[in-house]
Structures are given as C-alpha cells and as structure tokens.
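In what follows, a structure is listed as structure tokens, so that the remarks can point back to it.
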Amino acid sequence: MGPGTLAKILEQVPQMPSDRLLVGPETSDDAGVYLLDQERALIQTIDFFTPIVDDPYLFGQIAAANALSDVYAMGGMPLTAMNVVCFPSRKLDLGILREILRGGADKVLEAGAVVVGGHTVEDPEPKYGLAVTGIVHPDKLMTNARAQPGEVLILTKPLGSGIISTAIKAGMAGPEAVQTATAAMAALNRAAAEVALKLGVRSCTDVTGFGLLGHAAEMALASGAGLRFWLEAIPVYPQALELAAMGLVPGGAYANRSFLADRVSFAGDVNEAEQDLLFDPQTSGGLLFTVPAGREEECLNRLRERGVLAAVVGEVVAEPAGRIEVVRVRRS
Ligand code: CO
Ligand code: CO
Ligand code: CO
C-alpha cells in the first residue's frame with residue numbers, strides 16, 4: 001500500500017502511548033521497540049509479500065532476508081521468527097510451499113535465529129514472509145530519528161530491485177541483472193548492521209517499499225534535518241536505469257513519487273528515469289545509515305572487509321529540515 005493511503009487510515013485508529021515504547025508508529029521506523037529493562041529492549045516486525053522470482057527457494061530466502069532486515073536496521077539481533085504463509089494448497093503443488101519455507105528457514109538459520117511457528121491461510125495468490133522478534137541494548141538502538149548535520153549517508157546495497165523484478169515478470173531482464181539483483185536481495189543485512197554498530201552508528205533505516213527517497217524522507221522528518229543525495233555516487237544494479245527508461249517501473253514508484261512530491265527536489269539535470277530509480281520500491285534493500293564525515297573511509301573499508309559493497313551517497317544538512325535534495329555530484 002502507498003505511504004499516503006496508509007497514513008490517512010492510521011490517523012483514524014487509536015494510538016497507544018506507553019512509557020516503555022522506545023519506537024512506536026509515529027516515526028514510521030522499521031520496527032517497534034519496547035523496553036523490557038535497563039539492558040534489553042524487544043524489537044518486533046513483520047513483512048510478507050507475493051513472489052518476485054520464479055524459484056520458490058530463492059523467493060523464500062529473499063522474503064526472509066527482507067523481514068529480518070528490519071531488526072538489523074534497528075541495531076538488533078533477531079531471536080525468533082514465525083512464518084506467515086498464504087497459499088492455494090488445492091491449486092499449487094505443495095512442493096512449492098516446501099521450497100519457500102526451506103529458503104526462509106535457511107536464512108533464519110544464517111541469522112542465528114529460530115523459527116518457532118507460523119500461520120497459514122488458504123489464498124489464491126501465494127504470499128510469504130516472517131514476523132521477527134529481536135533484542136537490542138537500549139543504548140545501542142539505531143532509529144531513523146537521529147541523523148545529524150555534518151554526517152554522510154552510507155547505502156549498503158544498490159538500487160533498482162523493483163524495476164528489475166518488474167522486468168523479470170515482463171521477460172525483459174538480462175541474466176546479469178537478474179543474477180546480481182536476486183543475490184543481493186537474498187543477502188542478509190547482518191554484516192552491514194554489525195559494522196554500523198561497531199562504529200557507534202545511531203541513525204539507520206533499511207530501504208524497502210517506499211524507495212530510497214521515501215525512507216530517506218522519513219529519516220529527514222524524524223531527525224529534523226535535511227538530506228542531500230549525490231546521484232552519481234548511488235550504486236545501481238546492472239541494466240536498471242536502461243529498464244527504467246523503457247518504462248519498466250513498478251506502480252509503487254509512482255505512488256512514492258506523488259506522496260513525496262513536495263518534500264523532494266531534483267537538480268535540473270536529473271532525468272525522469274534517474275528519478276524513477278530513486279523512488280523505486282526495493283525488495284530486501286540495503287541499510288541507509290549515517291556516520292560523521294571524517295569516518296567515511298574507515299566505514300567503507302570495514303564494510304568491504306565483510307563483503308559489503310557500500311557507497312557514500314550523500315550528506316545530512318541542517319536546512320531545509322525534513323526535506324530531500326538530489327544533485328548530480330558531490331560538491332563538498
Ligand atoms: Co524497514
Ligand atoms: Co518492513
Ligand atoms: Co530503524
């Protein structure tokens with residue numbers, strides 16, 4: 001569902017203030033965080049969606065990596081997970097469901113968490129994901145509300161997975177694009193989060209359905225700062241820009257664009273396809289976090305050592321607060 005539609009509905013639902021709620025729905029963060037005691041806070045999140053690739057095992061892996069990511073984005077460690085399954089058991093081979101669940105289980109194992117159960121609903125369209133519970137020390141919590149002027153923005157996976165998924169469905173994506181994007185979508189954000197934690201990062205989100213600019217706008221608003229992106233510095237999957245220029249852009253990108261229209265400004269030389277890419281809803285996207293400008297090289301090196309190909313993609317600025325600016329190249 002688009003961010004605008006959802007916000008309107010949630011306005012009409014009672015809010016539940018609690019002294020123990022460290023992160024609630026107000027800041028549109030990745031997960032809810034509930035304080036248990038001085039040392040521990042509980043992180044809870046859920047994510048599930050329809051298949052984006054034909055291979056059911058790979059789909060299971062991607063859906064699970066995506067669901068686990070919201071715990072990593074808060075600086076936490078996943079503990080337990082529950083399968084959320086919609087499946088047409090009378091129409092489709094149950095072997096497909098087994099492969100989806102096997103893919104999910106393998107990712108949960110890789111994350112060091114355990115699947116403790118789940119729930120299945122008969123549905124004409126298959127859907128899969130996980131509700132994940134994690135834990136974090138309250139002092140180490142990363143939220144989207146702490147970006148500070150003088151910091152730079154680090155992005156840990158390329159953009160364009162929504163565009164490539166759309167092209168896969170249309171039979172237009174080349175083998176290199178498919179291979180690169182699906183491998184990255186199936187990769188956990190665990191190593192990236194561990195590096196961020198070691199560096200003492202406090203401001204982070206993952207990039208998923210609202211696109212890079214949607215999640216960045218939430219960070220800007222929650223932090224009371226502005227974010228400036230350098231287009232040429234942003235990593236992109238092979239072929240994604242070309243596919244976007246051909247119009248293979250998912251509907252969600254247009255919903256994100258119209259929702260953000262008055263909060264994002266582009267330099268005159270940023271073309272339509274490049275803009276589409278920045279609004280493209282990502283499946284199991286990377287982390288977007290901030291580090292002080294002086295520590296960017298150290299951060300990139302540490303990420304590289306862990307096999308994460310990240311990039312410095314922009315900076316946090318004081319003004320205009322709550323807004324996003326996209327320029328072609330870095331000036332400072
Ligand atoms: Co998220
Ligand atoms: Co999520
Ligand atoms: Co967060």
Side-chain angles (χ1 to χ4, degrees), residues 1-3 6-7 10 22-34 41-49 52 61-78 81 84 104 107-108 111 113 128-136 141-147 153-159 161-162 165 184-194 196-197 201-223 227 250 252-253 255-256 259-260 278-290 308 310 313:
M1 200 184 283
L6 187 58
L10 288 175
L22 302 182
V23 179
E26 327 69 61
T27 48
S28 313
D29 213 322
D30 302 295
V33 183
Y34 187 86
L42 204 61
I43 302 177
Q44 291 183 291
T45 180
I46 178 165
D47 254 301
F48 63 107
F49 46 67
I52 43 153
Q61 287 187 305
I62 292 172
N66 178 69
L68 289 157
S69 174
D70 281 326
V71 172
Y72 293 128
M74 307 304 289
M77 186 178 76
V84 181
K107 278 292 145 184
V108 173
Y128 174 64
L130 298 165
V132 186
T133 300
I135 200 151
V136 64
L141 180 63
M142 304 196 288
T143 77
N144 66 3
R146 292 175 176 150
L153 295 156
I154 310 279
L155 178 67
T156 69
K157 285 184 191 177
L159 292 187
S161 62
S165 303
M185 283 190 265
L188 291 179
N189 279 329
R190 180 181 186 165
E194 285 173 359
L197 280 171
V201 168
R202 303 305 307 280
S203 192
C204 179
T205 182
D206 62 354
V207 179
T208 54
F210 300 157
L212 175 68
L213 298 186
H215 293 280
E218 289 172 346
M219 184 181 266
L221 203 63
S223 301
L227 303 185
N256 290 341
F259 179 67
L260 293 163
L278 304 180
F279 290 118
D280 183 39
Q282 301 300 286
T283 301
S284 190
L287 298 183
L288 176 72
F289 63 84
T290 65
V308 180
V313 297

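Just so you know, ligand 1 is whichever comes first in the structure, and atom 1 is the first atom listed for that ligand. Residue numbers start at 1 and run along the sequence shown.
- For the pair Ser223 (side chain) and Arg146 (backbone), a donor-acceptor distance under 3.5 Å is present.
- Asn256 places a side-chain N or O within 3.5 Å of a backbone atom of Gly209 that can act as its donor or acceptor partner.
- The Co ion (ligand 1) sits nearest to atom OD1 when only the N, O or S atoms of Asp70 are considered.
- Asp206 has its closest N, O or S atom to the Co ion (ligand 1) at the position named OD1.
- Using a cut-off of 2.8 Å, one finds that Asp30 contributes an N/O/S atom close to the Co ion (ligand 1).
- Side-chain N or O atoms of Asp280 include one that pairs as donor or acceptor with a backbone N or O of Gly162 at under 3.5 Å.
- A donor-acceptor pair is defined here as one N or O able to donate and one able to accept, closer than 3.5 Å; no such pair exists between the side chain of Arg202 and the backbone of Thr143.
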